[in-house]
Asker: 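Can you keep this structure in mind? I'll have questions shortly.
Treat the numbers as computed from the prediction; the structure is a model and nothing was measured. Every number for a ligand or one of its atoms is a count from 1 in the order of the listing. Basis for what follows: all heavy atoms, side chains included, without hydrogens, waters or symmetry-related copies.
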Amino acid sequence: MRIALLGSNGQLGRDLQTQLADHELFPLTRQEFDVTDHDRARSVISALKPDIVLNTTAYHRVDDCESQPELAYNVNVLAVLNLVRIANDLDAALVHISTDYVFDGKSSTPYSEDSVALPLSIYGNSKLAGELIVRTTARKHFVIRTCGLYGHAGSRGKGGNFVETMLSKARNGDSIRVVNDQTVTPTSTFELASQMAVLLKTTNYGLFHMTGEGGCSWYEFAAAIFELEGVAANLAPTSSDLYKSPAIRPRYSVLENARLKHLGLNRMLHWRDGLAEYLKSKTSFANLANREG
Ligand SMILES: NC(=O)c1ccc[n+]([C@@H]2O[C@H](COP(=O)([O-])OP(=O)(O)OC[C@H]3O[C@@H](n4cnc5c(N)ncnc54)[C@H](OP(=O)(O)O)[C@@H]3O)[C@@H](O)[C@H]2O)c1
């Protein structure tokens, strides 16, 4: 299939390039066009005549979205509406990435695709608005909600990834305090990209939750990183109440990959096994990057 991959140098975009290599892939970065430039987006994507438009772009600096709602809505909603129109005109499927932040975190059991979304932040609202536009108007679509992404390339929008930040703090001998009252499912972009490659071979369109299995607090995730790497760290749990961040985050946002499981397509590992795989693959990734560099 011909796939136009938007946000191709993001952390998910980079792993998708590897996992979708057996397709005719057209990696597109902000240099080709900014998604908020609707005319340019239309002309570049239309010229490629893709079967799939895969959108990984987002404005996802969660706290900054609170003070810059226009930017959040421009990238996460209005640009997405434009992509829907383009995909429909080309009779292409639109693949769009959404987030666990569409939920309010009041549940204590995993959210399925049928759970009611009630975002707490501008970011969550903008992502829910974007996904609803796709779900209601894109004729062929996959909307994929995921959580706590980390990948070798590091998040372009947020700068780096949690695993590497923790390891670098430990190496510097910093005192590390990590919140123990937000339960998530850390998900490796390599695994997510590989699961997406499985789904995109099908025509099971619609909404999907796609995260690692199980859940943990960010503190427990940090502890697992140090344990698996055999690194001694000065780590202690803390509470998010001590940090007055502008955006409210859900206290619990574990997602159940219910639809993937129902279709017999779930390949996602438990978050701890996904982390172990990521840490193991770091050496080969570094060698490859050195060779390419
Ligand atoms: N990171 C997480 O923990 C997380 C959790 C749940 C869901 N998600 C969702 O997963 C998706 C991928 O996230 P990620 O972690 O891979 O993000 P990322 O590393 O920041 O990648 C996003 C990519 O989108 C590009 N982009 C952003 N705004 C753009 C614009 N206006 N025009 C064109 N390109 C633009 C960025 O380009 P530049 O490199 O030029 O900035 C970057 O390449 C996003 O939709 C996000 O909302 C992420």
Asker: Who's the nearest protein heavy-atom neighbour of atom 34 (N) of ligand 1, and how far?
Answerer: Thr57 CG2, 3.5 Å
Asker: Which residue supplies the protein heavy atom nearest to atom 32 (N) of ligand 1, what is that atom called, and how far is it?
Answerer: Val35 N, 2.9 Å
Asker: Any N or O of Asp34 that comes nearer than 3.5 Å to an N or O of ligand 1?
Answerer: yes
Asker: Check whether any N or O atom of Asp100, backbone or side chain, sits under 3.5 Å from an N or O atom of ligand 1, and answer yes or no.
Answerer: no
Asker: Between the side chains of Asp104 and Arg251, is the shortest nitrogen-to-carboxylate-oxygen separation below 4.0 Å, so that they form an ion pair?
Answerer: no
Asker: What residue and atom, counting heavy atoms only, is the protein's closest point to atom 20 (O) of ligand 1, and at what distance?
Answerer: Gly157 N, 2.7 Å
Asker: To which protein heavy atom is atom 3 (O) of ligand 1 closest, and what is the distance rounded to 0.1 Å?
Answerer: Leu149 N, 2.9 Å
Asker: Please work out whether the ring planes of Tyr111 and Tyr252 are parallel, tilted or perpendicular, with thresholds of 30° and 60°.
Answerer: tilted
Asker: Would a single hydrophobic cluster contain both Ile52 and Leu5, if residues Ile, Leu, Val, Met, Phe, Trp and Tyr are joined by side-chain heavy-atom contacts under 4.5 Å?
Answerer: yes
Asker: Could you tell me whether Lys127 approaches ligand 1 through its side chain, its backbone, both or neither, with non-hydrogen atoms closer than 4.0 Å?
Answerer: side chain
Asker: Do Tyr101 and His60 have ring centres separated by under 6.0 Å?
Answerer: no
Asker: Find out if a path of hydrophobic residues (ILVMFWY) with successive side-chain heavy-atom gaps under 4.5 Å connects Leu128 to Ile133.
Answerer: no
Asker: Name the closest protein heavy atom to atom 9 (C) of ligand 1, giving the residue it belongs to and the distance to 0.1 Å.
Answerer: Ile97 CG2, 3.7 Å
Asker: Starting from atom 11 (C) of ligand 1, locate the nearest protein heavy atom and write down its residue, its atom name and how far away it is, to 0.1 Å.
Answerer: Thr56 O, 3.5 Å
Asker: Taking Arg272 as the fixed residue, which of Glu220, Glu213, Glu227 is the one that meets the side chain to side chain donor-acceptor pair (under 3.5 Å) rule?
Answerer: Glu227
Asker: Where on Ala153 is there a heavy atom closer than 4.0 Å to ligand 1, on the side chain, on the backbone, on both, or on neither?
Answerer: neither
Asker: Of all the non-hydrogen atoms in the protein, which one sits nearest to atom 6 (C) of ligand 1, and at what distance?
Answerer: Thr146 O, 3.4 Å
Asker: From atom 23 (C) of ligand 1, work out which of Gly130, Ala41, Pro27, Gly7 has a heavy atom at the shortest distance.
Answerer: Gly7
Asker: Determine the sole option in Glu131, Arg145, Arg135 for which the side chain to side chain donor-acceptor pair (under 3.5 Å) test with Ser98 is passed.
Answerer: Glu131
Asker: Starting from atom 16 (O) of ligand 1, which protein heavy atom do you reach first, and at what distance in Å?
Answerer: Leu12 N, 3.0 Å
Asker: Under 4.0 Å from ligand 1, counting heavy atoms only, is it the side chain of Phe33, its backbone, both or neither?
Answerer: backbone
Asker: Just by distance, no angles: are the side chains of Asp273 and Tyr278 close enough, under 3.5 Å, to form a donor-acceptor pair?
Answerer: no
Asker: Give the atom numbers and elements of ligand 1 that come within less than 4.0 Å of a heavy atom of Gly148.
Answerer: 3 (O), 5 (C)
Asker: Would you check whether Gly10 has a nitrogen or oxygen atom less than 3.5 angstrom from a nitrogen or oxygen atom of ligand 1?
Answerer: yes
Asker: Between Glu113 and Arg259, is the closest basic N to carboxylate O distance under 4.0 Å?
Answerer: no
Asker: With sequence neighbours excluded, what pairs up with Ser188 under the side-chain contact (heavy atoms from CB on, under 4.5 Å) test?
Answerer: Tyr150, Phe190, Glu191
Asker: With respect to atom 41 (O) of ligand 1, which of Gln11, His60, Arg30 exhibits the smallest heavy-atom separation?
Answerer: Arg30
Asker: Does Asn9 reach ligand 1 with a nitrogen or oxygen that is under 3.5 Å from one of the ligand's nitrogen or oxygen atoms?
Answerer: yes
Asker: Take atom NZ of Lys49 as the centre, draw a 6.0 Å sphere, and report whether it contains more than 12 heavy atoms from other residues, nucleotides or ligands.
Answerer: no
Asker: Is it the side chain, the backbone, both or neither of Phe162 that has a heavy atom closer than 4.0 Å to ligand 1?
Answerer: neither
Asker: Output the list of atoms in ligand 1 that are nearer than 4.0 Å to some heavy atom of Ser98, sorted by atom number.
Answerer: 7 (C)
Asker: Looking at Arg61 and Asp64, is any side-chain nitrogen of the basic one under 4.0 Å from a carboxylate oxygen of the acidic one?
Answerer: yes
